[in-house]
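Heads up: the structure comes next, in structure tokens.
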Amino acid sequence: MELDYDRLVALRKQSAAWRLLTANNAALMLSFLNKVFVEQGARSVAGVELVERLDDELFALNERLGHGTFPQSAKAYLDDWAAPGNGWLRKYYPPDSDEPHYDATAAVEKAISWIRSLEERSFVGTESRLNTIFDLLRQMTFGTETDPEARLAELARRRHEIDLEIERVEAGEVDVLDSAALRDRYQQVTDTAHGLLADFREVEANFRDLDRDLRSKIAAWDGAKGELLDEVLGSRESIAESDQGRTFQAFYDFLLAPSRQDELKTLLAEVEAMEAIDEPDPRMRRMPRDWLEAAERTQATVRQLSDQLRRFLDDQVRSEDRRVLELVRAIETHALALRDVPGVDLVAEIDAATPAIALPMERPLYTPLVKTPIDSTSIEAGDEEFAADALFEAVYVDPARLTAAVHDALGARTQVSLAETLREHPLEQGLAELVAYFALPDDGFATVFDDHRQEEITWIGEDDVQQVATVPVVTFARINPGIAWATDQKKEGR
């Protein structure tokens with residue numbers, strides 16, 4: 001970024017970190033917020049607890065510096081630091097809680113990091129950072145190389161270096177890092193670890209800004225839900241596919257691996273036990289846990305996007321349902337008002353009560369028929385005796401005979417019930433014939449079932465025993481009523 005005059009003027013007005021450094025109570029803010037949110041690694045503190053801790057801090061400072069140095073109450077200071085115009089603390093209400101919570105913003109991390117860089121250091125390591133630069137440059141060049149020959153040459157070079165090192169170790173030549181090199185590398189490790197933890201607040205703030213924009217867009221949205229869904233899912237996908245999103249996800253997956261967590265804890269314990277590291281950073285011991293908590297909070301912020309979308313869609317559905325009920329009530333009110341008005345026809349016709357929906361995925365896939373091969377070349381005539389009467393006792397009901405019986409019962413009428421048909425043509429084959437009446441082919445009449453009414457059909461079965469079946473009322477209705485009218489005209493000789 002080019003630091004020209006206009007850019008610096010705009011940055012001074014917009015940057016919350018810059019405003020914090022130039023605030024009247026900057027020393028109080030930086031010391032207190034650093035102690036609570038940076039050194040102790042707190043990510044969310046209840047308002048009552050934070051007020052008590054700041055009140056103790058103010059009491060100690062007023063006792064030492066004189067009463068009236070910090071005249072306001074602890075709550076007043078916190079409200080001022082969390083004001084929208086300052087943006088140094090984030091005040092929010094967690095789910096299922098009516099008590100406000102506070103968390104430091106990325107501006108606090110940036111300001112504290114800059115203040116730490118002003119302190120004079122008795123030891124400044126440079127070797128490890130130079131090695132890191134070379135390692136990163138090698139990773140970049142090797143990671144983008146597409147030529148297989150070049151990759152093989154680089155791998156061969158590494159293998160040659162490893163072979164030479166193995167030979168030196170076998171010969172008793174072991175290179176050991178001295179205390180200065182160890183302190184150099186440990187200093188870089190702690191700086192990188194703290195910087196990574198501070199970056200999580202900025203990543204979380206970026207995701208929260210997107211969530212805030214989404215909420216504003218949802219609140220003012222008056223279009224179709226499908227368009228909003230495309231917009232939201234596109235924004236969510238852009239987060240995951242952005243450089244920041246991919247880097248964060250890769251770090252999160254890497255850190256969640258149990259083997260990586262165990263290896264990290266083991267390495268930290270071994271490094272802190274070294275004599276050269278005389279003053280290990282106490283925050284490094286809990287750094288893996290702080291990383292996990294910070295990463296999980298960032299993931300939770302991203303999940304709020306989906307929750308907000310779901311709640312919006314639910315509200316939209318309820319709103320549409322209420323609108324439908326209002327329209328129905330309005331139609332009923334107008335219909336009642338016009339019911340007794342002469343000359344007004346309130347009858348409306350629709351093709352179907354509900355639309356017929358056939359989705360392509362509902363169609364089953366084609367299943368080829370499995371043909372069983374039959375080999376009849378080795379069949380021989382049997383000589384065993386068995387009863388074959390069952391093969392000749394199968395009952396076959398002729399539907400043509402039943403159809404003729406229905407036409408005969410209809411005669412000149414437009415419809416006739418099943419009971420009336422059976423009185424003229426009693427059942428001859430029992431229950432099988434009765435069931436066949438229910439499935440007669442469409443031959444000039446329709447079979448209508450009334451499931452709300454039932455009737456009993458009786459017939460004489462085997463051994464002269466009366467059988468009774470309770471069935472729905474069945475009516476055979478002529479499809480073309482004009483046939484009955486022509487029949488009546490013929491009978492009357494017209």
Side-chain angles (χ1 to χ4, degrees), residues 324 327-328 331-332 335-336 338-339 343-369 391-494:
V324 170
L327 293 175
V328 171
I331 293 174
E332 292 175 346
L336 290 175
L338 299 175
R339 181 177 58 181
V344 177
D345 188 5
L346 298 179
V347 177
E349 296 182 358
I350 58 176
D351 296 334
T354 57
I357 301 176
L359 300 178
M361 299 304 296
E362 292 181 350
R363 300 178 57 185
L365 298 177
Y366 171 72
T367 302
L369 298 177
L391 299 177
F392 305 99
E393 291 179 355
V395 177
Y396 171 72
V397 180
D398 185 7
R401 178 175 62 85
L402 305 185
T403 302
V406 172
H407 279 292
D408 183 63
L410 279 170
R413 292 177 290 182
T414 58
Q415 63 181 20
V416 65
S417 65
L418 175 62
E420 295 174 340
T421 303
L422 295 181
R423 280 196 294 268
E424 300 180 10
H425 303 275
L427 295 175
E428 299 178 2
Q429 295 173 286
L431 183 61
E433 184 177 346
L434 176 62
V435 174
Y437 269 109
F438 298 157
L440 288 179
D442 184 1
D443 190 9
F445 60 86
T447 305
V448 182
F449 295 88
D450 188 355
D451 295 332
H452 299 288
R453 296 188 300 158
Q454 294 181 342
E455 62 181 351
E456 293 184 351
I457 305 298
T458 60
W459 71 92
I460 303 300
E462 298 180 358
D463 301 329
D464 296 334
V465 177
Q466 185 178 14
Q467 305 289 335
V468 180
T470 302
V471 298
V473 174
V474 179
T475 303
F476 301 106
R478 194 183 300 279
I479 296 178
N480 188 358
I483 297 178
W485 179 84
T487 304
D488 295 340
Q489 298 295 318
K490 184 177 180 180
K491 287 182 179 180
E492 296 176 4
R494 298 179 183 176

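A quick note: this is a predicted structure, and the numbers were derived from the prediction, not measured.
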Are the side chains of [Y] and [X] in contact, using a 4.5 Å heavy-atom criterion?
X	Y	answer
T470	E455	no
Q467	L431	no
I457	L427	yes
L434	W459	yes

Closest contact, heavy atoms only, P399 versus L440
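Looking at all heavy atoms of both residues, the shortest contact is O-CD2, 4.0 Å.
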Measure from the side-chain N and O atoms of [X] to the backbone N and O of [Y], and report whether any donor-acceptor pair falls under 3.5 Å.
X	Y	value
R401	V397	no
E433	E428	yes
R478	G411	yes

Neighbour count above 12 (heavy atom, 6.0 Å) for L359 CG:
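Yes, CG of L359 has more than 12 neighbouring heavy atoms, counting only those of other groups under 6.0 Å.
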Find the distance between NE2 (H407) and CZ (F445) and round it off to the nearest 0.5 Å.
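Taking NE2 in H407 and CZ in F445, the distance rounds to 5.0 Å.
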What is the distance from atom CG of D398 to atom CD of Q429, rounded to the nearest 0.5 Å?
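The CD atom of Q429 is 8.5 Å from CG of D398, to the nearest 0.5 Å.
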Tell me every residue that passes ring pair (Phe, Tyr, Trp, His ring centres under 6.0 Å) with Y437, counting only those two or more places apart in sequence or in another chain.
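Residues passing ring pair (Phe, Tyr, Trp, His ring centres under 6.0 Å) with Y437: none at all.
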Mind listing the side-chain donor-acceptor pairs of residues 417-424 below 3.5 Å, one per line with the distance, residues two or more places apart or on another chain?
residue	atom	partner	partner atom	Å
S417	OG	E420	N	3.2
E420	OE1	S417	N	3.3
T421	OG1	S417	O	3.0

